[in-house]
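Heads up, the thing below is written out as structure tokens.
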Amino acid sequence: MTENVVHLVKTPPNGAEPDLTPTVLTVVPDAPPTPLVPLWVRSGRAVKTAVTHETTKAAARAVARHSLYTFNGGRIVARRAWDSKTPARYERMQRAAEAAGNYELAAEWEERGQRFRQARHHRRMDLLHSPVEAAKGVGVGVGMSVGVLVALGVVMAINNHDVTDVVTPLKATIEFIATLIRIVQLVWPTAVILGPLFALLALWSVGSKRQAAPTWALPADTRSSEGEPITPSIVVKALRDLGVPALRNAIKEMGDAGASMLGPIRIAGCGVEVDVTLPSGVSTIEVQQRRRKLAENLTRHEHEVFITIPEAARTVRLWVADSGALDEPIGPSPLVTDETMSANYKTGRAPWGQDLRGDAAALSLYQRHLLITGLSNQGKTAALRALALWAALDKTVEFRIADLKGAGDWAMFEGLATILIQGPTDEDVIAATEMVEGLVEEMEQRLEQRRRDPSTVFEPLIGIVDEAQVAFMCPAKDDDKRPYGGSKATSRYFMAVRKVHNQGRVVDVLMWEGTQDPTDQNLPKLVREGAHTRASLALGTESQAVMALGEKAVNGGAAPHLLRQGLDKGTLVVASDGIAIPKGQSSITVRTHFIDDAGADAITDRAKAMRSGVITLHAVDRSEDRDPLADIDAVAGDGKRAFTQDLVKRLSALDEDAYGTWSFADLSRVLETYGIEPYKSHGRMVVRRDDITRALAERDSDGSASAS
């Protein structure tokens, strides 16, 4: 290969001196020439780019969409006209009823179709005589009209003394008709052009309202946010394509294409519900394990389809939400909107939220221990607090609360709860443990009193520990080396909770707990199984769901681990006999009302107004010497009177070591020392607040010693 060197001289414009620096251009004769791209190749690339451009695609989809709106709108109108003129609609309903096994309804539709045929026959027979009758009617009408016009002309002729006026009305009528004919002649060409256009516009309107176009041609937002309506054919197709060979083959072999498997599709709240009887050889667990695929086959998200097991054998119950319905809020709590609402611990039910059907979900709290679990920041405290806010509207309910998060979520119970502990430290856990042990002592005293008098009725005492996992995992130990946390028999918190679970219900001493992320370490088995009402928000795994709700509930379809973390806040799966659960199911999904701090403050203000004054106690130093009269004055409250039974409870809560074993007799002994006499009011022993204040003032003035 040879190279040729060519020297080029650049000549500048405007007569300037040329640049004599040579520019070397190397020419390689033997090198292959650069191939030229054929014109047809470039044109093909341009066409391909234009076709694949997003704007082109959108324009093509728009053209196809609006064309199909018009075409399918015509089909819809034609179908409606056909249904109105023929018994096709009745026959279609009859076949659907037969496929569902509802033969009584099928017979009713058959009877309706027969009546339609008879009415249509009578109308057709009437049409045979209608031309003659119409002609007679037209003749009579024209004759009467002419007679009326001539009579009017005669009247005008007599009045005007002009015989020509006899035909004036008739002449005017003929001219008016001629004018109408001329107007029609002028408008008709335009109507011939615009009429079909308006007809096409009407067909397009019908098709657009029904979204009568393929999914790929619809706008992107419509395709992503709206699912198809649930019909029997869609359900059967979704089951057929579920990936269960036995189910697919059974549907193919059915003469009705699988319609006999389905019960009636019922509207259920913000969705629909249908029972599916599976063919032999197909188990319910095979359908449950394919929830996501079933949801996608139904054009829904996984969280919009719930599968439960009713009582009937080989049957699954599908609840399918309307697209996007579960992402909409359910509205405020009645506790916030109804300022006159009251509560009754024994007979009432707390308004907690709504079930998936949209019906109100209310929970009975009567003699039921409660456990709520879930991942962090899913609404656990809000759900637990909503129940406590309702119970607070019953003035007989006493609360002792330990908030081991310490973020102020329970601060509104200051002045309402007799004990309120707030904080995550070991000292707060110790105080919470002593609070629960106080519940045990109160329970044992009530049990002893019940044994002496079986007819004794006690006021409800509810102990609440929020973020209970902090207590179970606390490493602190007491002076006897007993741990406060843990799940062994030596754990003080664990054993106290177990004792309340074992016997507290019968004397209305209840334990409510809220905990995160349940495991055997932070929620021991004996504690979680001691709760009568178990509820769970979103969890991470199925094993955690079993811990939270129990194996029976999970096997029956409860699936808190399938809830969406962060998106399904406040949505609970509840297993309890205190809430209405559909027959045959072991759990129910509840979307709880959210009550913010401002609403909670308003509710607790109403609850405080019902009470005579509650002294909220916190952790106290038990080593100091006590002054019984001063302590009685401190816990008596601001009311005019104080119940002696409440005074004994508050003194015990104030200092368990000093007053934990006190009875009414001990209280009376101290009061009598200072000349204070309890008396009975409305069947209960009370003490005047002024008597206590007076006795304390007199004692301090004369320097008398405190009674012991």
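Only a predicted model underlies this, so the values are computations on that prediction, with no experimental measurement involved.
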Q) Just one of Asp520, Thr373, Thr515 clears the side-chain hydrogen bond (donor to acceptor under 3.5 Å, both in side chains) bar with Arg528, so which one? A) Asp520

Q) Around Lys477, counting heavy atoms of other residues, nucleotides and ligands shown, do more than 12 lie under 6.0 Å from its NZ? A) no

Hey, is [X] close enough to [Y] for a salt bridge, meaning N to O under 4.0 Å?
X	Y	value
Asp355	Arg591	no
Asp466	Lys380	yes
Glu459	Arg684	yes
Arg606	Glu339	no
Asp597	Arg385	yes

Q: Take Leu572 and Leu563 through the side chain to side chain contact (heavy atoms under 4.5 Å, CB included) test and state the conclusion after the steps.
A: CA-CA 9 Å; Leu572 286 164; Leu563 295 174; over 6 Å; no

Any donor-acceptor pair under 3.5 Å from [X] side chain to [Y] backbone:
X	Y	result
Arg534	Ala548	yes
Ser491	Ser487	no
Asn522	Thr519	yes
Arg689	Ala642	no
Thr616	Ala417	yes
Asn555	Glu551	yes
Thr347	Asn344	no
Tyr345	Gln367	yes
Arg650	Thr418	no

Does any part of the side chain of [Y], heavy atoms only, come nearer than 4.5 Å to the side chain of [X], both counted from C-beta?
X	Y	answer
Ile632	Ile676	no
Leu370	Leu384	yes
Met685	Gln645	no
Arg492	Glu434	yes
Glu513	Leu371	yes
His532	His369	yes
Leu537	Leu375	no
Arg688	Tyr679	yes

Quick one: closest heavy-atom pair of [X] and [Y], and the distance?
X	Y	answer
Gly415	Lys608	O-CG, 3.9 Å
Thr571	Thr589	CG2-CG2, 3.7 Å
Gly675	Arg694	O-NH2, 4.2 Å
Arg446	Phe458	O-CZ, 3.3 Å
Ala496	Val440	O-CG2, 3.5 Å
Val573	Ala558	CG1-CB, 3.7 Å

Q.
side chain to side chain contact (heavy atoms under 4.5 Å, CB included) for Tyr366 and Asp508? Distances and angles first, verdict last.
A. CA-CA 8 Å; Tyr366 179 61; Asp508 290 296; 3.9 Å; yes

Q | The single option from Asp428, Leu404, Val429 passing side-chain contact (heavy atoms from CB on, under 4.5 Å) against Cys474 | A | Val429

Find the distance between [atom1] ([X]) and [atom2] ([Y]) and round it off to the nearest 0.5 Å.
X	Y	atom1	atom2	answer
Met495	Thr433	CE	OG1	13.0 Å
Leu420	Trp410	CG	CH2	9.5 Å
Lys499	Glu437	NZ	CD	8.0 Å
Leu651	Leu667	CG	CG	7.0 Å
Leu647	Asp633	CG	CG	10.5 Å
Glu398	Ile462	CD	CD1	10.0 Å

Q: Give the C-alpha distance, both sets of side-chain angles, the deciding distance and a yes or no for side chain to side chain contact (heavy atoms under 4.5 Å, CB included) between Val436 and Tyr493.
A: CA-CA 7 Å; Val436 179; Tyr493 180 81; 3.9 Å; yes

(Q) Do Arg317 and Phe306 form a cation-pi contact, if we require the NZ or CZ to be under 6.0 Å from the six-membered ring centre and within 45 degrees of the ring's axis? (A) no

**Q.** Exercise: do Glu542 and Gln544 side chains pair donor with acceptor under 3.5 Å
**A.** no

Q: Check whether the side chains of Arg368 and Ser576 place a donor and an acceptor atom closer than 3.5 Å, and report yes or no.
A: no

**Q.** From CA spacing to verdict: side chain to side chain contact (heavy atoms under 4.5 Å, CB included), Trp662, Val670
**A.** CA-CA 11 Å; Trp662 269 37; Val670 173; 3.6 Å; yes

